[in-house]
Each structure stands twice: as structure tokens, then as C-alpha cells.
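Notes follow once the structure below has been shown.
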2 protein chains.
Amino acid sequence: MAEGNTGGENLLFLTDEQLRKGIEAMFFAYRGFTADPDRILEGMDYGRAHHRAIHFIHRSPATTVSNLLTILGVTKQSLNRVLRTLIDDGLVEARVGREDKRERNLYLTAKGQELERQLSDAQRARMRAAYRAAGPVAVQGFRTVLEAMMDPEMRRQYQSLREGER
Amino acid sequence: MAEGNTGGENLLFLTDEQLRKGIEAMFFAYRGFTADPDRILEGMDYGRAHHRAIHFIHRSPATTVSNLLTILGVTKQSLNRVLRTLIDDGLVEARVGREDKRERNLYLTAKGQELERQLSDAQRARMRAAYRAAGPVAVQGFRTVLEAMMDPEMRRQYQSLREGER
DNA sequence: GAATTTACGTCAGCCTTGTTGACTTTCCAA
DNA sequence: TTGGAAAGTCAACAAGGCTGACGTAAATTC
């Protein structure tokens, strides 16, 4: 069982069994991760897709539709359906671009911000509990592994919003 | 930056901003996590739901349909649709239970194992690269935080398959 | 031994959220 | 002024969730 060292170190954490556990950890944890917002949204006419749109509009106010398309990785038809309902319901405002009038700059209305707060409060509460239970060293490792797991393009998206953190 | 103690401590890792980064890390990383199997499955008649079923049947051969329902957290109608195609296509075998003949014990056929290997090779490759890049300490933290993020019942499911690891 | 419960399968219908393809309108830039 | 990018929309479709209803076989309980 003492396989693999690369340069003297112990690589037991790279066994297939360890990797499988990591895979299942992602699967089960992601369920928990989405559970609370899903619960809030069920009953309303919204779903996870609406949550994602709201999250990223909140994070980057004045973002354009095509920015959002890139970040969310869906087709514009798919996003449009979601955005349409959010705009019609008065949660999101789409202002014609100042510089380029083809673009739409997206903003949350007061009502949209209220729902955003409700959703992210729930999601942060779970995250906070997990972070607190695990401790800062574990959190650092958590972030490091997740970042290494992203596709390069997504990693760029992720990192491009780091200004002002840490 | 030397944070972290518990009791008189610096809790900077629990700021809303840090939590938001964690939330987005989960979002982007999960995309990467599923990307490779998704690519393999597209074109075949299968999707992520088939992958999940195959994974957990592989992990726990002879598992029953209701076990699988609990683990996957879907309805039997939904699982049945997926299982039906896997059985018809000869990837999964459902044997009548020895002790309780109402139950069906599920197994991967040789063909099913072949697809499982293909899928998990791809997923493990990404996991392995991320683990290697992050290092064993980070991996430990990654697992700790994910585990803390699960719903208690899912955590039990996750942990109940730890026999023989580590 | 009869009644009830459990495990599984299946039919029918619905919803969300993803997809393609085709087309229009607006409007920037060469 | 014209080509092409950005955005929006219509239509049709698929995967994979869901509920409700019903059937059958087997186990369990009364």
C-alpha cells in the first residue's frame, strides 16, 4: 500500500480511494450547498437559475447580458427566459448602455436586493457554520483545492472578482 | 496573515466577503468537477443522472433500489427512468434479492464497469491534478470543510462508506 | 390465514432549465 | 454605408426533476 513518492514525500492522499472520497464529498456537499436557497425559492416561481442570475448581478452591478452569459455558461435563450421573469417581476432592472446602447446594464431593484439578501443570508449561514467548524487552515485548503479544480477560464472569472478581498 | 486561533482569535476568514468567495468557489469548481464526465456522456444517450447511478452502484455493488433512492435524493420514478435504460442497454443487472425477494440487487455488468472506469478515470484525473497542485494539507482542509457543509443525513451516507480508507 | 405494509415498477402529465435554429432590431465601427 | 456584433424573441425539443395513481409480489403483522 505504500505506493508512490515523488521526491521523497508521501502521496497517500492521491490514491484512487482518496480521490473517490473527494468526488463523493463534492457531490454530497454541493447538495447541502444548494439546499437552503432551493428551499426558499420553492413555492416562489423561481429556481436555481434565477438565484444564479441574481447572485452575479448583485456581485457585479451594471454587468451586461453577455458578461452574464459567459459567467453562467448557458445560452442567451436560456438566460433570457430567466431574466425576462425577473425583469417583469421587478427584481431586476435592465438599463440601456450609456456608451454602447446595444448593451443592457443589469441592476437589482430594491425588491431584487431583498430576495438576494434572503438567499445569500441562508447560503452564507451554512458556509459560515462549515468554516467555523473546520477552522481557518482547513478553509484555506478548501479554497486552494476548489480553485485548482476549475477550468482555467472559470478560474479567471473567479479571480477577476477578488479585488478588495483578503 | 497569521490568523486563526479559536478563543481570542482573528475571525477574518468568516467575513461576508470571504464567505461569498467560498460560495463562488463552490459554483465554479462544481462546473469543472462535472465537465469531463459530461463531455464523455454527451453523444451517448446518457447524462449526469446515469453517471450518478453508475457511480453508486459501482461503489456499493448489490445495493438496492431504495438505497439508491436515499443516496441520490430523487423519486423512484425519476431513478427508474434512468435505471431502466441502463438495464435495457446491458450496463446494469438487477437481480432479485436472495433474502427479500421484493428487493432488487444492482450490479454493473462488464460493459457497465467499462463505462464506469472511463467516467471515473476522467473525473479522478482532474481531482488528482487539483490535489497534487494543492498538496496534502490543503486536501485535508478541503475534505473537512465539505464534510461540514453536508446535511447531517448526507454526512452519514458519506461516512458510512469510509471502511477501509485511509 | 387474512389484512396490511413494503419494495418495486409503470403510466400519465407537469415543470424547470438546458439546447438549436431562425429571425429581427439596434447600432458601432470600418 | 454597410458588415457584423449585441441583444431579444419565437418555436421546438430534450433531460431530468416532480406528483399522483395504480398494480404486483413478497414480507410482516394481526
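Heavy-atom basis, side chains included; hydrogens, waters and symmetry copies ignored. In what follows, chains are A, B, ... by sequence order, proteins preceding strands, each numbered from 1.
- Across all strands shown, A:R81 has heavy atoms under 4.0 Å from base atoms, whether or not it also approaches the sugar-phosphate.
- With values rounded to the nearest 0.5 angstrom, B:L91 atom CG is found 4.0 Å from B:Y46 atom OH.
- With sequence neighbours left out, the salt bridge (Lys or Arg N to Asp or Glu O under 4.0 Å) criterion links A:E114 to A:R117.
- Residues that satisfy the salt bridge (Lys or Arg N to Asp or Glu O under 4.0 Å) test with B:R155, not counting sequence neighbours, are absent from this structure.
- Pairs engaging residues 93-140 of chain A under the ring-ring contact (aromatic ring centres under 6.0 Å, His included) rule: A:Y131-A:F142 [sequence neighbours left out].
- Side-chain nitrogen and oxygen atoms of A:H50 include at least one within less than 4.0 Å of the OP1 or OP2 phosphate oxygen of C:dT17.
- If you check the side chains of B:T144 and B:Q140, you find a donor sitting under 3.5 Å from an acceptor.
- Protein atom CG of A:D45 is 10 Å distant from nucleotide atom P of C:dT17, rounded to whole Å.
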Please encode protein proximity along nucleotides 22-30 of chain C as a string of B, S and -, counting only heavy-atom distances under 4.0 Å. B---BBS--
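- Non-hydrogen atoms lying under 4.0 Å from DNA chain C are contributed by nothing in residues 34-44 of chain A.
- Contacts of A:S66 with the nucleic acid, taken as non-hydrogen atoms under 4.0 Å apart, involve only primed sugar atoms and P, OP1 or OP2.
- Partners of B:H55 according to the ring-ring contact (aromatic ring centres under 6.0 Å, His included) rule, which considers only residues two or more places apart in sequence or in another chain, do not exist here.
- Shown here are the side-chain contact (heavy atoms from CB on, under 4.5 Å) partners of B:A133, two or more places apart in sequence or in another chain: A:A148.
- Straight-line distance from the CG atom of A:L83 to the C1' atom of C:dG18: 16 Å, rounded to whole Å.
- Summary of the strand contacts: B:V65 and A:V74 both lie near DNA chain C, and taking for each the nucleotide with the nearest heavy atom, the more 5' one is attributed to B:V65.
- Atom OH in A:Y46 sits about 17 Å away from atom P in C:dC15, given to the nearest Å.
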Polar-atom pairs under 3.5 Å, protein N or O versus N or O of nucleotides 1-4 of chain C: list them with distances, or write none.
none

Only pairs under 3.5 Å count here: list side-chain donor-acceptor contacts from residues 69-82 of chain B, not counting sequence neighbours, and write none if there are none.
unit_1: B:T70; atom_1: OG1; unit_2: B:S66; atom_2: O; d: 3.0
unit_1: B:T75; atom_1: OG1; unit_2: B:S78; atom_2: N; d: 3.3

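- Using a 4.0 Å heavy-atom cutoff across all strands shown, A:R48 reaches sugar-phosphate atoms only and no base atom.
- Between A:H51 and A:L41 there is a side-chain heavy-atom pair separated by less than 4.5 Å.
- Between B:K21 and B:E17 there is no salt bridge, since none of the side-chain N atoms of the basic residue sits less than 4.0 Å from a carboxylate O of the acidic one.
- Think of the region where chain B sits on DNA chain D: with heavy atoms and a 4.0 Å cut, that region ends 5' and 3' at D:dG16 to D:dA27.
- The pair B:D38-B:R31 fails the salt-bridge criterion, with no side-chain N (NZ, NE, NH1 or NH2) lying under 4.0 Å from an Asp/Glu carboxylate O.
- The shortest distance between the side-chain N/O atoms of B:R84 and the OP1/OP2 oxygens of C:dC8 is not below 4.0 Å.
- In terms of the side-chain contact (heavy atoms from CB on, under 4.5 Å) criterion, residue partners of B:A25 (sequence neighbours excluded) are, by chain and number, A:R143, A:L146, A:M150, A:Y158.
- Nearest heavy-atom pair across A:A53 and A:L86 is CB-CD1, 4.1 Å.
- Every residue two or more places apart in sequence or in another chain that forms a ring-ring contact (aromatic ring centres under 6.0 Å, His included) with B:Y30 is listed here: A:Y30, B:F33.
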